[in-house]
There are 2 protein chains.
Amino acid sequence: MEIVINIDDETPLFSQLMEQIKKAVQSGNLSAGDSLPSIRQLANDLDLNNKTVAKAYRLLERDEVIVTRGYRGTFIHEQAKKNSDRDLNAWVALELTKTIDTLKHAGAMDSEIRIAFAEAMKKER
Amino acid sequence: MEIVINIDDETPLFSQLMEQIKKAVQSGNLSAGDSLPSIRQLANDLDLNNKTVAKAYRLLERDEVIVTRGYRGTFIHEQAKKNSDRDLNAWVALELTKTIDTLKHAGAMDSEIRIAFAEAMKKER
DNA sequence: ATATGTACCATTTGAAGTAAGGGTACAAGT
DNA sequence: ACTTGTACCCTTACTTCAAATGGTACATAT
């Protein structure tokens with residue numbers, strides 16, 4: 001499989017990486033159980049920082065598209081194909097939009113919503 | 001009635017002004033129908049900018065604590081005492097906290113929630 | 001003329017957060 | 001020794017926003 005990262009693209013590098021791995025899973029280029037390059041290896045190949053690749057891997061594991069097995073490396077998740085369709089971001093956006101809509105219809109100003117949101121994010125630890 | 005604005009206080013000036021007017025309503029120092037100083041007058045007395053006072057007045061009118069009658073001036077709302085108890089900010093914070101709680105329990109990262117929130121605020125015009 | 005709220009134009013200051021990178025270190029296993 | 005993912009430390013550049021201020025202008029009324 002080949003991965004191409006475009007630095008000029010406005011989408012974050014870790015997002016590009018996630019998208020391409022998900023696409024490879026959906027197209028069948030990557031199948032359940034396949035091993036992925038190590039974080040350091042991939043970072044070196046793509047000329048990215050370790051942290052950038054690690055972030056993509058961390059999120060892909062949370063989405064159950066890949067599985068990390070410590071020193072053994074990283075592999076494609078058994079349900080990767082099914083899970084690579086799910087879009088957590090879209091769901092998050094939908095939930096937030098619904099709530100914001102409610103607040104605005106009640107007359108809340110944008111700044112009030114933003115302040116309250118920032119406070120809520122701080123306190124929810 | 002006397003209003004005291006503390007510049008060293010971390011709470012925004014317009015918020016301080018709103019709070020003090022609401023308190024004056026609750027304590028009975030200001031009653032329904034009482035007239036308030038004009039925006040320019042109050043801004044001058046408290047050494048604030050017109051916009052700062054105007055913002056407080058605008059929000060107090062939205063909360064139905066005061067009523068503006070154009071060139072005639074600004075007055076205490078008929079239901080001011082009842083409405084000065086309601087706290088829109090607290091309700092907004094509660095709604096957002098509930099939604100954020102849901103998102104976090106689903107595994108969403110803080111940054112994802114923040115990005116989605118910013119997008120939702122942009123698109124909801 | 002003068003005063004009312006309001007609506008624009010603008011700027012400055014400060015805070016907060018993301019994305020990305022750099023470095024160092026660790027336990028677990030080969 | 002070497003590699004794995006991971007967890008810290010910190011820095012840089014960029015973006016967005018709130019809050020406050022300043023100025024100009026307007027219709028509406030006295």
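Naming convention: chains lettered A, B, ... in sequence-line order (proteins, then strands); numbering from 1 in each chain.
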Does OP1 or OP2 of [N] have a side-chain N or O of [X] closer than 4.0 Å?
| X | N | result |
| --- | --- | --- |
| B/R58 | C/dT6 | no |
| B/N49 | D/dG22 | yes |
| A/K55 | C/dA19 | yes |
| A/T52 | C/dG21 | yes |
| B/S38 | C/dT4 | yes |
| B/T74 | C/dG5 | yes |

Seminar exercise, completed: Residue pair B/R72/A/K51 against DNA chain C: nearer the 5' end by closest nucleotide is B/R72
For this session: For B/I115 and for B/Y71, locate the closest nucleotide of DNA chain C by heavy-atom distance; then report the residue assigned to the nucleotide nearer the 5' terminus.
Result: B/Y71
Quick one: [X] [atom1] to [N] [atom2], roughly how many Å, whole number?
| X | N | atom1 | atom2 | result |
| --- | --- | --- | --- | --- |
| B/L60 | C/dT6 | CG | P | 12 Å |
| A/E119 | D/dC17 | CD | P | 18 Å |
| A/M121 | C/dT18 | CE | P | 7 Å |
| A/K122 | C/dG17 | NZ | P | 6 Å |
| A/R69 | D/dT4 | CZ | C1' | 13 Å |
| B/L42 | D/dA20 | CG | P | 14 Å |
| B/L17 | D/dA19 | CG | P | 14 Å |
| A/L13 | D/dA13 | CG | P | 17 Å |

Exercise. A/E112 or A/R40: which one's nearest nucleotide on DNA chain D is closer to the 5' end?
Worked result: A/R40
Problem set entry | Expected output: side-chain A/Q79 to main-chain A/V65 donor-acceptor under 3.5 Å | no
Exercise. Any idea which of D/dG5, D/dA20, C/dT4 is nearest the A/Y57 side chain?
Worked result: D/dG5
For this session: Would you indicate which nucleotide in D/dG5, D/dA19, C/dG5 comes nearest to any side-chain atom of A/T68?
Result: D/dG5
For this session: Any chance you could lay out the side chain to side chain contact (heavy atoms under 4.5 Å, CB included) test for B/K55 and B/R58, step after step, and finish with the verdict?
Result: CA-CA 5 Å; B/K55 183 175 184 178; B/R58 186 179 353 117; 3.8 Å; yes
Problem set entry | B/K82 and B/E64 ion-paired at < 4.0 Å | no
For this session: Can you establish whether the number of heavy atoms outside A/D47 located under 6.0 Å from its atom CG is more than 12?
Result: no
For this session: Please assess B/D85 against B/Q26 for the test side-chain hydrogen bond (donor to acceptor under 3.5 Å, both in side chains), listing each intermediate value before the final yes or no.
Result: CA-CA 8 Å; B/D85 281 332; B/Q26 288 176 332; 2.4 Å; yes
